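In what follows, a single structure is set out as structure tokens and then discussed.
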Amino acid sequence: MGYSHKTIEAKWQKYWSENSTFKSEDESSNKPKYYVLDMFPYPSGAGLHVGHALGYVATDIVARYKRMKGFNVLHPMGWDAFGLPAEQYAIKTGTHPKITTHENVQNFKNQINKLGFSYDWSKEINTTDPDYYRWTQWIFLQLYNKGLAYEEEVNVNWCPELKAVLANEEVVNGKSDIGGHPVVRLPMKQWILKITDYAESLLEGLDDLDWPENIKELQKNWIGKSEGVELSFDVDGFSEKIDVYTTRPDTLFGATYMVLAPEHPLVDKIVSSDRKKSVDDYILETQKKSDFDRTEVNKDKTGVFTGSFAINPFSKEKIEIWIADYVLISYGTGAIMAVPGHDERDWEFANKYNLPIIEVIKGGNVNEAAYTAKGNAKIINSNNEDTITLNDLTVDEGVSKAIDYISKSGIGKATVNYKLRDWLFSRQRYWGEPFPIIHTEAKIETVKENELPVLLPEVDNYKPSDDGKSPLSNINSWVEVRDVNNNIIGLRETNTMPQWAGSCWYFLRFTDPNNSSKAWSKEKENYWMPVDLYIGGQEHAVLHLLYSRFWHHVLFDLGLVSTKEPFKKLYNQGMILGDDGTKMSKSRGNVINPEVIIDEYGADSMRLYEMFMGPLNKSKPWSTKGLQGCYRFVNKLWSIIINENGSLSSRIKEDIEPDNETLFIHNQTIKKIGEDIENLHFNTAVSQLMIYCNHMQKCESLSRELVEELIIIIAPFVPHLSEELWSILGNKNSVSYQNWPSYDESLIQLDNVTIAVQVNGKLRANIEVPKDSKEEDVISEALSLENVEKFTSLGSVVKTIYVQNRLLNFVVK
RNA sequence: GCCCGGGUGGUGAAAUUGGUAGACACAAGGGACUUAAAAUCCCUCGGAGAUAAUACUCCGUGCCGGUUCGAGUCCGGCCCCGGGCACCA
């Protein structure tokens, strides 16, 4: 009887499920805790693909390893099930998203279970479950009560063709991602979360996180902190002042004109009558442009003169005030001082409209291009006896001096700006969490906490209305809130929350998923949080990972959670590409279906191969040939331990003394596998297992004790096979909770070591000497070698470098 | 344009962080077993030269230079690929 992956895998999956093998202990456990989390999936109709599996295999190996190391492991799985595809399917077919979601979840769960993951299914959650979104609504109320949620009229992406409001990420180059229809901007009342209040907190928090540097960098850039100064310019003939934000106050003498964003409130006031028409036309023109057109970098800059002048506070010169759409109303003060000599955008604009350019930083040629050097570049042409002189200072010195002067003279103050914008938190959709909000005539009222959840009602038509309102707005019986006398006292908010909402806190719910009176108990949260290891795709670098950190910071400030940061260590799995090296996609026809692979080669081989392919965080192409190599390995391992007839191989003996080489490899393997798992270097762990297995194959007899230890350390990688071998060896319990074997460091040290002998850095010989030999002994032995002597005799040895137990290098001149 | 990653055999990749480049595997070639095939096992496998020799020599980690006894690894400049951001003053 050979190795039959189908019977073995089905057998142990059933066993694990029936025995609740992977149910974690509660917070009263005396074991240390370890929380290892996957980014929970959106259960799409397409099912699981091999790329999903990559991250899940990695976390599963860590979870299984940590259990064996004596940790109480929380390794849960759930479903991020609100969202667009189910809703669009409903629009097309009339099938309720609840039904679609349920089917997809079943499908995903079946597929996941076939891979032999050790999830604690008693903790399964689903964001669309009222028992779950009740608490999503509850957290929203906490944010609202803290003043972090507000309503505002903002432009949304409206696609007339699809009759749908699209999220920013669903709009690509001004067209809908689906179908490529034009998208226009339409003002609508929206819920906004004040994430900008937490910009500094989110930035600071990054420092202590064990996250990939590039993800931290992405978040830093996204938050986009900039330090500068805000100062006001007097407007000639008006009492109003124009505030600008600049990071380069050292170039103030070079500010030769000003630009206001077309939406700036002062435009109307200061525009001269002869310019009114052209200014109004320009404003109208910009309003028509899409955001895409406005933010296109390479387009020609446009603008018009307002007819008014401002006074440069340093030079006291009169400078023109323009409006132009390259200045954004949403950043800084919505107005800038333009320094064409030293800012590329301003230079381009000044060049086009013949505005004056003054050189105030030495080094470039401002007639040709803006000169943007900073740091130690020298300031020139910046002197006014009545105000300030910056001449001959470096840029850095000039910045400090200018800020100093600006704040002392009362024209402005040092300021910090962030690129981060507040978070548009509502969608005009059906399949999402309803807001616990009621609009009455006078004000906004919140639904009482004990009346949560606000249930999502049944609807007949999932389409948004023509004016872009959510399908919920059509259900009067739900929208209208009545008092006991059946009088309408308010209208429910009909927008729903975006898909990010549920994933902002799911890791907290996993600590206490069945709590019906609270979102989580303090004890459980305190025991399990933070997440020790979080693995998922890099595509969530700034959205999910920033939003959930934001909520967590708020919850921390409210005293509702015990750590400021939710995810201690983050790691991104790479993509698995098709065997042609391109992204797996249906249209390319290079999609690998994990079920087909499991059917033919088994989950154990697939797990092993996905880990063996290369470093976890790299993209790498799939190769079914490569997978076959792992399948061969698994079979080889089986046939070493198990006979043809299915019983234990006679090679395995109770009372044999393993030879030194075997002990060396055995101990080295235990050490390396443990270290590699801790460092997430699964590919090298697998190759070490192969090395060990290749060695075992050559051994005539094997020590039962060592074989048992081997089975334990391979169990995280190939759990089904290990359970089967473990039981054939006569063990009654699951291998999953065996203690991880320890290794003997002294056995990993060999008695003899090979020393590389080099002459002038080139390898000339290898010698084997006893470990820790004396330097002079090694040198004299090396010098006596023919091939070494040949090269040392070409000159005289002027220096000798000796690296203990490793290398000897003669420097000959 | 700016900010991150990354360039090592025919292929996926290793290399204890400055110390024998190519572990482990795939593919390829050769052999054993077999009537044959599959499976399995054994051998070869960066390039060039040389040899009776699996003595040996030279070259080789994207390119050019540097530091060092010694560089895939560190420093400077450049080229290419992947990802992210993009008029943020």
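All figures in this text were calculated on a predicted structure; none of them were measured in a lab. We use all heavy atoms of the structure for the numbers below, so side chains are in, but hydrogens, waters and symmetry mates are not.
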Review point. Quick one: is A/Q697 getting a side-chain N or O under 4.0 Å of the B/C41 phosphate, OP1 or OP2?
Key: yes
Review point. Counting only side-chain N and O atoms of A/N809, is one of them less than 4.0 Å from OP1 or OP2 of B/G19?
Key: no
Check your understanding: When we call it a touch if two heavy atoms are under 4.0 Å apart, what does A/N694 touch: a base, just sugar-phosphate, or nothing?
Key -> sugar-phosphate
Review point. Does A/E745 offer a backbone N or O that forms a donor-acceptor pair with the side chain of A/N667 under 3.5 Å?
Key: no
Practice item. Check every strand shown and say whether A/I691 touches a base, only sugar-phosphate, or nothing at a heavy-atom separation below 4.0 Å. Key: sugar-phosphate
Check your understanding: Has A/S226 got a side-chain N or O lying under 4.0 Å from the OP1 or OP2 atom of B/A89?
Key -> yes
Check your understanding: Using atom C1' of each nucleotide, how far apart are B/G72 and B/C59 to the nearest Å?
Key -> 16 Å
Point to revise | Any-strand Watson-Crick or G-U partner of B/U35, both distances under 3.5 Å | key: none
Point to revise | Any donor-acceptor N/O pair, A/N679 side chain to A/E675 backbone, under 3.5 Å | key: yes
Check your understanding: For A/F791, which contact category applies under a 4.0 Å heavy-atom criterion: base, sugar-phosphate, or nothing?
Key -> sugar-phosphate
Review point. Within the structure shown, what part of the strands sits under 4.0 Å from A/G224 by heavy-atom distance: base, sugar-phosphate, or nothing?
Key: nothing
Point to revise | B/A48 and B/G31, which share atom name P, separated by this distance in whole Å | key: 22 Å
Check your understanding: Can you tell me how far C1' in B/C80 sits from the matching atom in B/U61, rounded to whole Å?
Key -> 16 Å
**Study point:** Pairing partner of B/G22 (Watson-Crick or G-U wobble, both distances under 3.5 Å)
**Key:** none
Check your understanding: How many angstroms lie between atom CG of A/L616 and atom CD1 of A/I61, to the nearest 0.5 angstrom?
Key -> 9.0 Å
**Study point:** Separation between OH of A/Y692 and CD1 of A/I670, rounded to the nearest 0.5 Å
**Key:** 7.0 Å
Check your understanding: Within the structure shown, what part of the strands sits under 4.0 Å from A/P615 by heavy-atom distance: base, sugar-phosphate, or nothing?
Key -> sugar-phosphate
Point to revise | Nucleotide B/G84, atom P - distance to CH2 of A/W222 in whole Å | key: 12 Å
Practice item. Could you give the distance separating B/A14 and B/C24 at their P atoms, to the nearest angstrom? Key: 14 Å
Exercise for review: Name the orientation of the base relative to the sugar in B/G9: syn if the glycosidic angle is within 90° of 0, else anti.
Suggested key: syn
Review point. Using a cut-off of less than 4.0 Å, is there contact between a side-chain N or O of A/R632 and OP1 or OP2 of B/A39?
Key: no
Exercise for review: Find the partner of B/G46: check Watson-Crick (N1-N3 plus N6-O4 or O6-N4) and G-U wobble (N1-O2, O6-N3) distances, both under 3.5 Å, and reply none if neither fits.
Suggested key: B/C59
Review point. Across the strands shown, which category fits A/K625 at heavy-atom distances under 4.0 angstrom: base, sugar-phosphate, nothing?
Key: sugar-phosphate
Point to revise | A/N787 vs B/U57: side-chain N/O to OP1/OP2 distance below 4.0 Å | key: yes
Check your understanding: Quick one: A/K216 NZ to B/C4 P, roughly how many Å, whole number?
Key -> 15 Å
Review point. Would you say B/C69 has OP1 or OP2 under 4.0 Å from some side-chain N or O of A/K799?
Key: yes
Check your understanding: Got A/V267 and A/Y282 here, is their nearest side-chain heavy-atom distance under 4.5 Å?
Key -> no
**Study point:** Spacing between A/L218 atom CG and B/G5 atom P, to the nearest angstrom
**Key:** 10 Å
Review point. With a 4.0 Å cut-off on heavy atoms, is A/D346 in touch with a base, just the backbone sugar-phosphate, or nothing at all?
Key: nothing
Check your understanding: Is a donor on one side and an acceptor on the other found under 3.5 Å between the side chain of A/N683 and the backbone of A/F612?
Key -> no
Point to revise | C1'-based separation of B/A38 from B/A23 [nearest Å] | key: 30 Å
Study note, to complete from the structure: Assert: residue with more 5' nearest nucleotide on RNA chain B, out of A/A335 and A/I755, is A/I755
Check your understanding: Using purine N1 to pyrimidine N3 plus N6-O4 or O6-N4 for Watson-Crick, or N1-O2 and O6-N3 for G-U wobble, each under 3.5 Å, what pairs with B/G5?
Key -> B/C81
Review point. Looking at A/K762, does any N or O in its side chain come under 4.0 Å of the phosphate oxygens OP1/OP2 on B/C59?
Key: yes
Point to revise | Assigned glycosidic conformation for B/U40 [threshold 90° from 0] | key: anti
Check your understanding: Looking at B/C87, does its base get a donor-acceptor pair with the side chain of A/K301 below 3.5 Å?
Key -> yes
Check your understanding: Do we get A/K301 above A/F349's six-membered ring, with its NZ or CZ under 6.0 Å from the centre and within 45° of the axis?
Key -> no
Check your understanding: Using atom P of each nucleotide, how far apart are B/G19 and B/C78 to the nearest Å?
Key -> 28 Å
Check your understanding: Just to confirm, is there a sub-4.0 Å distance from OP1 or OP2 of B/U20 to any side-chain nitrogen or oxygen of A/R764?
Key -> no
